[in-house]
Amino acid sequence: MAAPIRFGIMGCADIARKICRAIGLAHNAAVVAVGSRSADKARRFIADNGLPENTHVHGSYEELLEDPAVDAVYVPLPTSLHVQWAVAAAGKGKHVLLEKPPALNAAELDRILEACEVNGVQIMDGTMWMHHPRTAKMRELLSDPDRFGQVKRTNSIFSFNGDSDFLKNDIRVKPDLDGLGALGDAGWYCIRSILWANDYDLPRTAIAFPNPVKNEAGVVLSCDASLHWEDGRVATFHCSFLAHLTMDLTVIGSKGTLQLNDFIVPIEQKSAHFTFASGSCFDDLVDSWTTFPKKHVVSTDLPQEALMVSEFSSLVAAIKESGAKPDHKWPTISRKTQVVLDAVKTSLDSGSKPVQIVF
């Protein structure tokens, strides 16, 4: 069995605890180092997360990147720091698993992607639901021309009700740390789900809805937008820090409809479901349906975050052990998501003017 890919954790954010556990669950990965701006904080993270006592402690991000034992870094830093440290990591030959959104805009992301390409390292963003086996099963149905047909409409929602401490102190509401706010955090998932449903065919135009909710610093707390294709397809999404926890995705085709209400984080860790209807119609009296939506359940031994780590590590291993080239699928998907997000933000900032999406 090949040696596991050796991870360094760059920063001790809350989400890093989840990925640290995921790395431990993945069969082909291991945490070997933790870097923080404080060595004491790195030591506490190691102890709190049950990492081995010989895990390397680094009191700076620079020191972590100089560690020859580290193959790849997981970067959960505030979005405003991603371009600096992802580029630095690539420059040191470290593969990069980067929290989403990967950058504040496409120009910053292009700098990151260029650094990874030049240095021959793999990059993947941390959109975990993409790696759940349910996602592959749903794709199978959406690709069926007889049961689903062609995509006509997509609607995606991700909201949660942040408490007063979150709305005051979380990095996602700070303009100097994560200035994209709810659009960058929750909206990233919505946009990705829409692109996924449309097989990554980019829409032509983005139009933000009027009157987004912003905090005093001007960071978006809640917003909506629509995306439009030249062939008449339409998608809408809502992202918010101010509404009840909702993770809905509906994809309507010419012959079928797919729906789920936990597309980002499954309600249950080891099984996830969705409903799919095809050929639905009313009975003669129009008081019931003749064909009922079917519930599909997909089981998994590992949580989706561990499957993400495992896939990323497999790509890294192919580069490290077999001389393979970095896989371009994931960075391309990241960039498509980013350019749509950029267009929505431009529309928001311009008072809901239509903005053309250019890849």
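Remember, predicted model here, so these are calculated numbers, not experimental data.
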* To do: Rounded to the nearest 0.5 Å, what's the gap from CG on Leu202 to CH2 on Trp229? Could you check?
  => 8.5 Å
* **Glu140 bridged to Lys137 by N-O distance under 4.0 Å** => yes
Check residues 172-194 and write down every donor-acceptor pair under 3.5 Å in which the side-chain atom is one partner and the other belongs to a residue at least two apart or another chain.
{"from": "Arg172", "atom 1": "NE", "to": "Asp170", "atom 2": "OD1", "distance (Å)": "2.8"}
{"from": "Arg172", "atom 1": "NH1", "to": "Asp185", "atom 2": "OD2", "distance (Å)": "3.2"}
{"from": "Arg172", "atom 1": "NH2", "to": "Asp170", "atom 2": "OD2", "distance (Å)": "3.3"}
{"from": "Lys174", "atom 1": "NZ", "to": "Lys168", "atom 2": "O", "distance (Å)": "2.9"}
{"from": "Asp178", "atom 1": "OD1", "to": "Thr79", "atom 2": "N", "distance (Å)": "3.1"}
{"from": "Asp178", "atom 1": "OD1", "to": "Thr79", "atom 2": "OG1", "distance (Å)": "2.1"}
{"from": "Asp185", "atom 1": "OD1", "to": "Lys100", "atom 2": "NZ", "distance (Å)": "3.0"}
{"from": "Trp188", "atom 1": "NE1", "to": "Thr127", "atom 2": "OG1", "distance (Å)": "3.0"}
{"from": "Arg192", "atom 1": "NE", "to": "Thr337", "atom 2": "OG1", "distance (Å)": "2.8"}
{"from": "Arg192", "atom 1": "NH2", "to": "Asp125", "atom 2": "OD2", "distance (Å)": "2.7"}
{"from": "Arg192", "atom 1": "NH2", "to": "Thr337", "atom 2": "OG1", "distance (Å)": "3.3"}
{"from": "Ser193", "atom 1": "OG", "to": "Ser156", "atom 2": "OG", "distance (Å)": "2.9"}
{"from": "Ser193", "atom 1": "OG", "to": "Tyr189", "atom 2": "O", "distance (Å)": "3.4"}
{"from": "Ser193", "atom 1": "OG", "to": "Cys190", "atom 2": "O", "distance (Å)": "2.7"}

* **Distance-only side-chain donor-acceptor flag, Asp224 / His238, under 3.5 Å** => yes
* Asked: Nearest heavy-atom pair of Ala86 and Ile112: which atoms, and what distance?
  -> CB-CG2, 3.8 Å
* To do: Please assess His58 against Glu63 for the test side chain to side chain donor-acceptor pair (under 3.5 Å), listing each intermediate value before the final yes or no.
  => CA-CA 6 Å; His58 297 296; Glu63 193 177 302; 3.0 Å; yes
* To do: Look at the rings of Phe241 and Phe160 and say which category their plane angle falls in: under 30° parallel, 30 to 60° tilted, over 60° perpendicular.
  => tilted
* Run the side chain to side chain contact (heavy atoms under 4.5 Å, CB included) check on Val118 and Glu114 step by step: do they pass? -> CA-CA 6 Å; Val118 167; Glu114 181 181 10; 4.2 Å; yes
* **Under 3.5 Å donor-acceptor, Thr135 side chain and His131 backbone** => no
* Asked: Hey, is the main chain of Ala324 close enough, under 3.5 Å, to the side chain of Ser322 for a donor-acceptor pair?
  -> no
* **pair Asn49-Val34: side-chain heavy atoms closer than 4.5 Å** => no
* Structure fact -> Lys255 and Gly149 have their tightest heavy-atom pair at CB-N, 4.1 Å
* Between Trp196 and Trp129, what is the ring plane arrangement, given parallel below 30°, perpendicular above 60°, and tilted in between? -> perpendicular
* Can you tell if the side chain of Asn261 reaches within under 4.5 Å of the side chain of Ile267, non-hydrogen atoms only? -> yes
* When hydrophobic residues are tied together by side-chain contacts of less than 4.5 Å, even through go-betweens, does Trp85 share a cluster with Ile171? -> no
* Do Ile123 and Pro326 have side chains that get closer than 4.5 Å, going by heavy atoms? -> no
* Asked: Minimum heavy-atom separation for Gln122 to Asp327, with atom names?
  -> OE1-N, 2.7 Å
Which donor-acceptor pairs under 3.5 Å do side chains of residues 340-352 form with protein atoms, sequence neighbours excluded?
{"from": "Asp342", "atom 1": "OD2", "to": "Ala106", "atom 2": "N", "distance (Å)": "2.7"}
{"from": "Lys345", "atom 1": "NZ", "to": "Asp349", "atom 2": "OD2", "distance (Å)": "2.8"}
{"from": "Thr346", "atom 1": "OG1", "to": "Asp342", "atom 2": "O", "distance (Å)": "3.0"}
{"from": "Ser347", "atom 1": "OG", "to": "Ala208", "atom 2": "N", "distance (Å)": "2.8"}
{"from": "Ser347", "atom 1": "OG", "to": "Lys353", "atom 2": "O", "distance (Å)": "2.7"}
{"from": "Ser350", "atom 1": "OG", "to": "Thr346", "atom 2": "O", "distance (Å)": "3.0"}
{"from": "Ser350", "atom 1": "OG", "to": "Ser347", "atom 2": "O", "distance (Å)": "3.1"}
{"from": "Ser352", "atom 1": "OG", "to": "Ala208", "atom 2": "O", "distance (Å)": "2.8"}
{"from": "Ser352", "atom 1": "OG", "to": "Phe209", "atom 2": "O", "distance (Å)": "3.4"}

* To do: First locate atom CZ of Phe7, then atom NE2 of His95, and finally report the distance between them rounded to the nearest 0.5 Å.
  => 10.0 Å
* To do: Would you tell me whether His273 and Glu268 have side-chain atoms, one donor and one acceptor, within less than 3.5 Å of each other?
  => no
* To do: Could you tell me whether the side chain of Leu195 reaches within less than 4.5 Å of the side chain of Pro203, counting heavy atoms only?
  => yes
* Starting at CD of Gln150, measure out to OG of Ser254 and round the result to the nearest 0.5 Å. => 4.0 Å
* Asked: Are the side chain of Gln338 and the backbone N or O of Ala103 linked by a donor-acceptor pair below 3.5 Å?
  -> yes
* Test side chain to side chain contact (heavy atoms under 4.5 Å, CB included) on Met130 and Met124 and set out the steps. => CA-CA 11 Å; Met130 300 292 299; Met124 178 186 287; over 6 Å; no
* Minimal non-hydrogen separation, His56 against Ala69, with atom names -> CE1-CB, 3.8 Å
* Test Leu260 against Met138 for side chain to side chain contact (heavy atoms under 4.5 Å, CB included), laying out the working first. => CA-CA 10 Å; Leu260 63 162; Met138 293 190 297; 3.8 Å; yes
* **Distance, nearest 0.5 Å, that separates CG of Leu141 from OG1 of Thr257** => 12.0 Å
* Asked: Should Ser36 and Arg44 count as side-chain neighbours, where that means a heavy-atom distance under 4.5 Å?
  -> no
* Any Met247 side-chain heavy atom under 4.5 Å of Phe158 side chain -> yes
* **4.5 Å side-chain heavy-atom contact, Asp201 and Asp199** => no
* To do: May I ask you to test the Ile19-Glu305 pair for a side-chain heavy-atom distance under 4.5 Å?
  => yes
* same_hphob_cluster(Leu113, Ile333) at 4.5 Å side-chain heavy-atom cutoff -> no
* Asked: Rounded to the nearest 0.5 Å, how far apart are CG of Asp71 and NZ of Lys320?
  -> 3.5 Å
* Asked: With hydrophobic residues grouped by side-chain heavy-atom distances under 4.5 Å, do Val298 and Val265 end up in a single group?
  -> yes
* Do you know which two heavy atoms are closest between Tyr200 and Lys336, and how far apart they sit? -> O-NZ, 2.9 Å
* Contact summary for Pro133 and Thr300, nearest pair of heavy atoms -> CG-CB, 3.8 Å
* N-O pairing of Asp67 and Arg6 below 4.0 Å -> no
* To do: Verify whether one side chain among Ser159 and Ser240 offers a donor that lies under 3.5 Å from an acceptor in the other.
  => no
* Same apolar cluster (I L V M F W Y, side chains within < 4.5 Å links), Val339/Val358 -> no
Taking only distance into account, with no hydrogens and no angle test, what donor-acceptor pairs under 3.5 Å do side-chain atoms of residues 284-294 form with protein atoms, sequence neighbours excluded?
{"from": "Ser288", "atom 1": "OG", "to": "Asp283", "atom 2": "OD2", "distance (Å)": "2.8"}
{"from": "Thr290", "atom 1": "OG1", "to": "Cys281", "atom 2": "O", "distance (Å)": "3.3"}

* **Phe312 and Ile5: CA distance, side-chain angles, deciding distance, side chain to side chain contact (heavy atoms under 4.5 Å, CB included) verdict** => CA-CA 9 Å; Phe312 174 78; Ile5 298 304; 5.5 Å; no
* List the steps and the verdict of side chain to side chain donor-acceptor pair (under 3.5 Å) for His328 and Glu117. => CA-CA 9 Å; His328 287 138; Glu117 181 72 19; 2.8 Å; yes
* Structure fact -> CG (Leu258) and OG1 (Thr275) are apart, to the nearest 0.5 Å, by 6.5 Å
* Step through the shown structure and confirm whether more than 12 heavy atoms of other residues, nucleotides or ligands are within 6.0 Å of CZ on Arg37. => no
* Between Arg233 and Asp231, is there a side-chain N and carboxylate O pair less than 4.0 Å apart? -> yes
